[in-house]
Amino acid sequence: MKTQEISALIKEQIEHYEHKIEAHDVGSVITIGDGIALVYGLNSAMNGELLLFPHDVYGMVMNLNEDSVGAVLLGDDGLIKEGDVVKRTKTVVEVPVGDALLGRVVNALGKPIDGLGEIKYSKMRPIERIAPGVMTRKSVNTPLETGIKAIDAMIPIGRGQRELIIGDRQTGKTAIAIDTIINQKGKNCLCVYVAIGQKNSSVAQIVQRLKDHGAMKYTTVVSATASELAPLQYIAPYTGVSIAEEWMEQGKDVLIVYDDLSKHAVAYRTLSLLLKRSPGREAYPGDVFYLHSRLLERACRLSSEYGNGSITALPIVETQEGDISAYIPTNVISITDGQIFLMSDLFNAGQRPAIDSGLSVSRVGSAAQFPCIKKVSSSLKIELANFRELESFSQFGSDLDENTKKVLRHGEALMEVLKQDQYSPLTMERQVIEIFIAQQKYLDDIDKKEISTYLDKAWNYINNSYHEIIDELSKTKKLEDALRTSLKKALDEFKESYGG
Ligand code: ATP
Ligand code: MG
């Protein structure tokens, strides 16, 4: 062989040399601490990629620096030390999805934590995904019934909507979300409850409540409690929405609750500061808006060509002293389609659920509201606003004219009707009749304390003697003049018997 041939051969060999192990797929730990590892030598690592540390501890790439990558650990960082070998996995974080998750409690990585054994899943999904585009969506057209009078009447939610529940601590935020889940029984809507940064005991209580009301059958709970690492709290909502997305793509309706996004933002802030990202307003990193927008954008109603599924999102945000102009509240208010604002004053005064009808709105849900409930509640918000205005005035003087007294009495009756106990969602038909009773001033001369008894008895009366009215309401979902007249007649009759 000539030397030329040999060198050509060698050249060819070099060209076609397949490098099985690339040097930049393995790196080593430079520093480790607080659940954050700085790794040298992973030049081609991707953002969000899973890294394998010794002792089967996984980490997720969060920072791509020029000469190193920053990763957050999803396991015990005490097992890792400087100089340890780190391998790329070339996959992003994925979680199990599908019907096997119904009735289960899982952690942020989709692993069961309810002691009911392994989850037999057949599919995994990456936790981060680009939200469905505008062309694949359509507007909301089906109500998501919460079973809570004040919400279904004044702040209706449609399937595919994002409605924020916001208020100070201990104002009944979680209660609204849990009641809504309980009310989805038999309504063809699967539920995902994501608990972020809560106490273990509260999550256990919620799961027990859901079980007691038979709601775990169609619900998955994703839990990253306060005792867990910040990275797990950070990914928990994305895990939850990935589970929901699988069902949505099968054409199903899903309700997801994020309880709560304030703690989620705090977990992300912790991570970011440890990763040495520069702090901005309220020490949150600059991309904290994107944190929640990319999460909530994944809730939508898909159009018929894409299977007609939906994800309704109920994010929860905690305020400090009712301040809705703080950073995280304003962000999430601007991302969602409305908010249910809960006031501690109302809550402490015994008005529960403590919904402030003036500050609460639903920007799209009325398109999906049942016509009958829309009809009886159309003037509710204005009447309540009038009442509140007069109420604050009337505190100063006692000599009120008869007209003012009337408005006040009517307002008080309305407020009383909107009170509702926890774990007792009402059917649409019952809501319509109760609000109709209040709106038609049947309650204005009834003692405040007696109103709930009156409503119970009125409902029983109609249920026993005029069941056809209820049947008609549930069949047509409308309250036309004829039905309205017969309902009024029935209620007149009841009022007479009640007085006597
Ligand atoms: P936190 O800020 O601690 O998460 P929260 O705003 O989620 O609180 P909840 O835990 O839902 O509030 O409710 C606070 C308390 O009020 C609970 O003890 C709950 O049982 C009670 N509560 C909530 N809603 C009602 C209601 N409609 N009727 C009676 N009690 C209620
Ligand atoms: Mg709560």
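All residue numbers refer to positions in the sequence shown, counting from 1. Start at 1 and go down the list; that is how both ligands and their atoms are numbered.
In summary, the side chains of Ser227 and Thr225 do present a donor paired with an acceptor at a separation below 3.5 Å, with no hydrogens or angles considered.
A salt bridge links Asp99 to Lys252: at least one charged side-chain nitrogen sits closer than 4.0 Å to a carboxylate oxygen. One finds no salt bridge joining Asp287 and Arg294 here, because no Lys/Arg side-chain nitrogen approaches an Asp/Glu carboxylate oxygen to under 4.0 Å.
For residues 169-188, the set of pairs meeting the side-chain hydrogen bond (donor to acceptor under 3.5 Å, both in side chains) definition, not counting sequence neighbours, comprises Thr174-Asp259.
Looking only at heavy atoms of the protein, atom 5 (P) of ligand 1 is closest to Lys173 N, 3.5 Å. Atom 12 (O) of ligand 1 has Gly172 N, 3.0 Å as its closest protein atom, hydrogens excluded (heavy atom only). In this structure, the protein non-hydrogen atom closest to atom 7 (O) of ligand 1 is Thr174 OG1, 2.7 Å. For atom 29 (C) of ligand 1, the closest heavy atom belonging to the protein is Arg352 CD, 3.8 Å.
Geometrically, ligand 1 and Phe347 share no nitrogen or oxygen pair separated by less than 3.5 Å.
Proximity of Glu318 to ligand 1, defined as any heavy-atom pair under 4.0 Å, is confined to the side chain (atoms from C-beta onward).
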* Trp247 vs Asp253, side-chain hydrogen bond (donor to acceptor under 3.5 Å, both in side chains): CA-CA, chis, key distance, verdict -> CA-CA 7 Å; Trp247 287 320; Asp253 287 331; over 6 Å; no
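Nearest-residue assignment for atom 30 (N) of ligand 1 (options Gln422, Arg169, Gln205, Lys419; heavy-atom criterion): Gln422. Comparing Gln170, Lys263, Gln351 against atom 17 (C) of ligand 1, the shortest heavy-atom distance belongs to Gln170.
Of all atoms in ligand 1, listed by their number and element, those nearer than 4.0 Å to a heavy atom of Gln420 are 26 (C), 27 (N), 28 (N). Those atoms of ligand 1 with a heavy atom of Ala175 less than 4.0 angstrom away are 11 (O), 23 (C), 24 (N).
With sequence neighbours excluded, the residues satisfying ring-ring contact (aromatic ring centres under 6.0 Å, His included) with Tyr268 are Tyr234. In this structure Lys457 satisfies the salt bridge (charged side-chain N to carboxylate O under 4.0 Å, His left out) test with no other residue, sequence neighbours excluded.
Here His213 and Tyr423 bring their ring centres to under 6.0 angstrom of each other. Ring centroids of Tyr454 and Phe494 are separated by less than 6.0 Å, placing the two rings close together.
Interatomic distance, CE of Met60 versus CD of Glu128, reported as 7.5 Å (0.5 Å rounding).
Tyr58 pairs in a side-chain contact (heavy atoms from CB on, under 4.5 Å) with only one of the listed residues (Leu50, Leu73, Val72), which is Leu50.
Among protein atoms, those of element N, O or S found less than 2.8 Å away from the Mg ion (ligand 2) are Thr174 OG1.
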